[in-house]
Every structure is written in structure tokens, then in C-alpha cells.
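Take a look at the structure below.
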Amino acid sequence: MKIKSLTFKIFINTFFVGTLVYFICAFLFISSLYEYFEKQIYSELQTESQFLEKSVLTGDLDYLLELETKNRITLIHSDGTVYLDNTVDLSTLENHSIRAEVLGAKEKGSYETSRYSSTMTEKTLYYARLLSNGDILRISCNQHSVWVLVLGMSQILLVMLVIAVIISGVSASWISKKITEPLNKIDLENPEASEVYEELKLFTKRIAEENFEKSQREELRQQFTANVSHELKTPLTSISGFAEILKNGGTDENTVKDFASSIYDESQRMITLVNDIIKLSKLDEKSICLEKEEINLTQMCAEIITVLSSAAKSKNVEINLDGKNVLICGVYPVIYEMVYNLIDNAVKYNIQNGKIDVSVKKDSISQKIILSVKDTGIGFSMTEKERIFERFYRIDKSRSKENGGTGLGLSIVKHAAKYHDARVQVESEPGKGSTFTVVF
């Protein structure tokens with residue numbers, strides 16, 4: 001469903017409210033006017049009854065019959081018998097003892113009531129008065145219903161409706177433009193500097209935050225592109241140089257073997273770099289198509305330690321694993337890559353005759369899974385703590401180059417943890433090793 005413009009919605013709602021207010025006011029006005037007229041009629045009937053009471057008490061009934069009036073005058077005995085009526089033949093009238101106005105007059109001294117005609121276009125107003133002789137004097141007159149009043153005023157009401165519609169339309173148009181004017185003036189590049197309604201300040205703040213994040217992402221993208229170019233340029237230059245020498249010929253067999261070995265090493269480094277970039281890209285975009293499964297994290301750590309045992313043995317680094325079978329739910333290749341990078345880094349950046357403690361446990365209180373990799377390596381200062389997860393950032397660049405590192409390992413760890421809603425904690429001190437903890 002297409003969403004209409006804000007200006008249109010404000011216009012329609014304001015116009016509707018204005019028109020609704022007109023009808024409410026018209027209804028209240030007509031109701032009040034009708035009620036006022038009805039009270040006036042009852043007041044006139046009461047005055048007339050006081051005027052006629054003297055004639056009734058003195059027995060001058062002929063005066064009542066000859067009186068020129070549009071109102072109906074009726075005299076009723078206390079038993080309900082009608083003995084005088086100036087408009088209707090007495091023989092056609094039934095006993096009035098149960099009429100509301102008669103009963104009310106007997107109880108209260110005077111009583112007002114009304115009854116609608118069968119067509120509901122007219123109603124009769126009755127005023128009954130209890131006389132001192134016990135008889136009841138009733139005076140009544142006809143009054144048009146409120147619908148007849150509305151019909152009679154239809155012309156003026158229609159004119160007022162047209163005026164109200166025009167005023168509502170003009171007001172709605174003006175109000176809608178005034179309300180949306182500050183919105184149209186929001187500077188999307190610098191939204192927080194724009195003057196907006198108090199309710200929209202959170203909205204402009206979010207835009208500013210998104211702009212900041214966008215600029216950061218763009219800066220990171222540019223840095224990433226520059227770093228990738230730099231990382232690829234070095235091995236490509238070496239490969240190109242070796243190939244050029246070999247192409248020119250005159251190189252002895254031993255040198256050819258050395259060059260071929262160097263070309264192989266550099267190409268493998270490039271392949272590793274490209275693979276790491278692809279992994280990061282998939283984690284960034286969450287485009288990994290594998291289903292999550294139950295993984296024995298302790299067993300996985302044992303397998304990775306076995307794979308890295310040769311590299312650890314070359315530096316005489318001892319690796320210890322502590323933990324019973326602990327199960328987590330995750331994407332196997334992603335978890336494997338994360339754990340592998342943590343233990344691999346612990347081996348690469350460790351000292352000769354160093355030690356690595358790998359721990360897997362489940363917290364009994366929070367039920368969280370905790371993976372810890374502690375080494376006795378070179379460590380790093382806390383000022384570098386936030387940067388170690390940046391792509392291509394290396395603490396010891398010379399050692400990283402020697403070990404064949406791409407500078408993407410910890411970045412993969414960070415993104416893999418985020419992919420599984422886990423968090424990575426780091427503790428380190430230069431020369432005293434580091435501890436990386438992943439909390440699932």
C-alpha cells in the first residue's frame with residue numbers, strides 16, 4: 001500500500017477535524033435553541049394557567065370556551081373525568097386519571113410533560129396545574145420536532161457548512177505547510193544543526209549517527225583497499241622480479257630452485273591473503289550459507305592443537321588443553337577458523353620454550369560457554385588493545401612477515417564471534433603474554 005505524503009495526511013486530518021467541529025457546534029446550537037424555545041413555551045403555558053385559574057374558580061366557564069387562543073384548555077375532575085375542553089368534543093374523550101400530567105399535578109401541584117405525534121414531526125407540550133378546588137387545569141400546545149427545525153434552518157445551515165468547509169480547507173492547507181516546513185529544511189549532511197521539533201531530535205540524532213558510521217565505513221573501506229593493494233603489491237613485485245630474471249636465462253640450477261621456492265612461498269602468501277579477505281567479506285555480509293549445528297568445542301580445540309603441534313614443536317612451545325566436553329551451536333567452519341586463529345597466533349607470537357593454556361568451560365551460574373587462550377608470548381600494551389582487531393594491523397610487523405601472517409587473523413576472530421553473538425575479551429602486558437577470551 002502506497003503511503004500518502006505527510007502534508008496530505010495533515011491536511012486531511014485537519015480538514016476532517018474542522019468539519020467535525022462544525023457539525024458538533026451545529027448540533028449543540030440547534031439542541032440548545034430547541035430546548036430554549038421549549039422552556040419559553042412552558043413558561044407561557046404556566047403564565048396562562050395562572051391567568052385562567054380565577055375564571056375556573058369563579059365558575060365562569062363560558063369565558064374559557066369563548067377565549068381566543070391557539071392553546072388547548074382542558075378541565076379535569078380529580079377522578080379523571082374531563083368536564084371542559086375548548087377544542088375537542090367531550091364525548092370523544094376517555095378518562096384522564098392515568099395521564100402523566102394529571103398524576104404529576106396531583107403529586108407536585110404542577111407538572112410538565114410532552115408526547116410526540118405518530119409521525120414524530122410534531123409533539124404536544126402539556127402543563128397541568130392542581131387548583132384549590134381539587135380540579136386540574138391543563139393547557140397544551142403543539143411544537144414542531146427538532147427535525148422540522150433543522151429542515152427550516154437548512155438553508156442557513158448549508159451556507160454555514162460551505163463557509164466552514166472553506167475555512168477548514170484553507171486552515172488545513174496552511175497548517176500542513178507550516179508543520180512540514182521545518183522537516184523540509186533539515187540538513188541531512190548536518191541534521192543536528194537544523195532547527196526541528198523536540199520530538200524529531202532523536203530522529204536527527206540517528207541520522208547524524210548513521211552519517212558518522214557511513215563516513216567511518218567509507219574510511220575503513222579506503223584503508224582496507226589501500227592495505228590490500230599494499231599487501232598484494234609486495235609479493236607480486238617479488239614474483240615479477242624472480243620471473244624476469246628467470247626469463248632472461250643464464251641462471252644456474254640452484255638459483256632457479258631458490259627463485260622457484262620464493263615464487264611458491266609468495267604465491268601461497270597471496271592465496272592465504274585472498275582467502276582471508278573472502279572469509280571476512282562473507283562474515284561482514286553474513287552471506288554464509290551453512291546451517292548452525294551442535295559443535296563439541298573441546299574436541300575442536302584438541303584437533304586444532306594437533307594440527308599446530310608441528311609449528312609449536314619447532315619453537316618448543318607447550319600447549320595444554322583443559323576442559324570437559326562442552327557443546328555449542330554454531331557454523332562449524334566459522335568457529336573452527338576463529339579457534340584456529342587464536343591458537344595459531346599464540347604459537348606464532350610466543351617465545352622459545354613458551355607455553356599456551358587453552359581452556360573450555362561452561363559457567364554454572366550464567367550457563368555461558370567460555371573459551372580462553374593464554375600464552376607467554378610478546379604481549380602488547382593496552383593502548384594497542386582496540387587496534388589489534390583492525391584489518392592488517394600488526395603489533396610486530398617483522399615477526400608477522402616471518403610467520404607468514406596476513407594481519408587479518410584477529411579481525412576474522414572478531415567478526416566470527418559477532419556472527420555468533422559472542423564477545424571477545426583481551427588481557428595483555430608487553431613481555432608477559434596475552435589472554436584472549438571468547439564468551440558465547
Side-chain angles (χ1 to χ4, degrees), residues 272-273 275-284 286 288 290-315 317-350 354-363 367-377 379-380 385 388-391 393-395 400 403-428 433-440:
T272 303
L273 176 63
N275 285 335
D276 283 351
I277 292 171
I278 292 171
K279 292 171 190 172
L280 270 176
S281 177
K282 287 183 177 180
L283 287 170
D284 273 343
K286 293 189 176 181
I288 298 171
L290 299 175
E291 293 289 332
K292 288 186 177 181
E293 58 183 295
E294 194 175 70
I295 300 169
N296 189 322
L297 188 59
T298 312
Q299 184 179 334
M300 179 185 283
C301 290
E303 292 172 2
I304 293 171
I305 290 171
T306 302
V307 172
L308 294 172
S309 61
S310 177
K313 193 173 182 180
S314 67
K315 299 177 71 172
V317 172
E318 179 188 348
I319 305 179
N320 300 312
L321 175 60
D322 178 34
K324 298 178 181 179
N325 290 333
V326 176
L327 303 178
I328 64 167
C329 183
V331 179
Y332 190 93
V334 177
I335 298 292
Y336 187 95
E337 192 69 28
M338 178 177 65
V339 178
Y340 182 91
N341 277 304
L342 286 173
I343 301 177
D344 185 43
N345 277 354
V347 173
K348 286 178 180 177
Y349 297 99
N350 217 318
K355 184 180 178 183
I356 300 172
D357 292 319
V358 180
S359 169
V360 182
K361 62 181 180 180
K362 184 175 184 179
D363 187 81
Q367 298 298 305
K368 293 179 180 179
I369 309 299
I370 301 172
L371 167 66
S372 174
V373 179
K374 182 179 181 181
D375 64 63
T376 56
F380 53 86
K385 179 180 176 180
I388 59 172
F389 293 103
E390 292 179 10
R391 298 171 187 185
Y393 182 79
R394 296 182 176 92
I395 297 170
S400 180
N403 293 328
T406 62
L408 296 174
L410 287 179
S411 187
I412 291 173
V413 170
K414 174 186 174 183
H415 283 75
K418 186 178 179 182
Y419 187 86
H420 289 87
D421 296 322
R423 68 178 188 273
V424 183
Q425 300 171 348
V426 185
E427 292 180 8
S428 185
S434 307
T435 302
F436 287 84
T437 306
V438 183
V439 182
F440 294 91

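From a predicted model like this one, the values you see are computed outputs, not experimental measurements. Quick note: residue numbers are just sequence positions, from 1.
In terms of heavy atoms, V339 sits closest to C301 at CG1-SG, 3.8 Å. Of all the heavy atoms in S434 and G379, the pair that sits closest is OG-CA, 3.5 Å. A417 and V424 make their closest contact through CB-CG2, 3.6 Å (heavy atoms, listed as atom of the first residue, atom of the second, distance).
Put simply, CG on N296 and CG on N325 are 4.5 Å apart, with the number rounded to the nearest 0.5 Å. For the atom pair CG of L321 and CD1 of I356, the computed distance is 12.0 Å after rounding to the nearest 0.5 Å. Atom OG of residue S359 and atom CG of residue L371 lie 8.0 Å apart, to the nearest 0.5 angstrom. Rounding to the nearest 0.5 Å places NZ of K414 at 15.0 Å from CG of N341. In this structure, the separation between CG on L308 and OG on S314 is 10.5 Å, given to the nearest 0.5 Å.
Residue Q367 qualifies as enclosed at atom CD: its count of foreign heavy atoms under 6.0 Å is above 12.
In this structure, S428 contributes its side chain and G433 its backbone to a donor-acceptor pair below 3.5 Å. Looking at K315, its side chain does come within 3.5 Å of a backbone N or O of K348 through a donor-acceptor pair. No donor-acceptor pair closer than 3.5 Å links the side chain of K355 to the backbone N or O of T376. With hydrogens and angles ignored, the 3.5 Å screen pairs no side-chain donor or acceptor of H420 with any backbone N or O of V334.
Annotation: side chain of E427 is not in contact with side chain of K374 (no heavy-atom distance under 4.5 Å). In this structure, E294 and C329 have side chains that are not in contact, with every pair of non-hydrogen atoms separated by 4.5 Å or more. Within the 4.5 Å cutoff, side-chain heavy atoms of T435 are placed close to those of S372. For the pair E318 and K313, the minimum side-chain heavy-atom distance is 4.5 Å or more. Looking at heavy atoms from C-beta onward, D363 lies out of side-chain contact with I369 at the 4.5 angstrom threshold. In this structure, the side chains of V358 and I319 come closer than 4.5 Å at one or more pairs of heavy atoms. Contact check for Y336 versus I304: side-chain heavy atoms found under the 4.5 Å cut-off. Counting heavy atoms from C-beta outward, D322 and V360 have side chains that stay 4.5 Å or more apart.
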- side chain to side chain contact (heavy atoms under 4.5 Å, CB included) between T437 and V373, intermediate numbers included: CA-CA 6 Å; T437 306; V373 179; over 6 Å; no

- Task: Take M338 and M300 through the test side chain to side chain contact (heavy atoms under 4.5 Å, CB included) and record every step on the way to the result.
- Result: CA-CA 11 Å; M338 178 177 65; M300 179 185 283; over 6 Å; no

- Run the numbers on K324 and K361 for side chain to side chain contact (heavy atoms under 4.5 Å, CB included), then give the verdict. CA-CA 7 Å; K324 298 178 181 179; K361 62 181 180 180; over 6 Å; no

- Starting from the C-alpha separation in whole Å, work towards a yes-or-no answer on side chain to side chain contact (heavy atoms under 4.5 Å, CB included) for V413 and F436. CA-CA 10 Å; V413 170; F436 287 84; over 6 Å; no

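When only modelled atom types and interatomic distance are considered, D357 and N320 share a side-chain donor-acceptor pair under 3.5 Å.
The one candidate from I370, D421, L297 that meets the side-chain contact (heavy atoms from CB on, under 4.5 Å) condition with F440 is L297.
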